[in-house]
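Notes follow the structure.
By convention here, the first residue in the shown sequence is residue 1.
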Amino acid sequence: MNTSLLSEDDFNVEGHCCAVTIPAIKTLEDGIDFQADEGVKAYIAEHYDMALTKSETKNTDA
């Protein structure tokens, strides 16, 4: 028996490859930081023959 306040619909991912919406996350008050760390960037560069651009790696904590 599921006693949580979340339902399957809260995790119904909507969108496509460049952007998705997850209702359970969209409604959070504090959000989640999904920035890629250096390990993820290195993995992408090695396995997908691409690198993130400066605008994608820019630190927004100004």
Output the distance between atom CD1 (Ile25) and atom CG (Asp30), rounded to the nearest 0.5 Å.
13.0 Å
When you look at CD of Glu8, are more than 12 heavy atoms from neighbouring residues, nucleotides or ligands closer to it than 6.0 Å?
no
Determine the minimum heavy-atom distance between Asp10 and Ile22, stating which atoms define it.
O-CG2, 3.8 Å
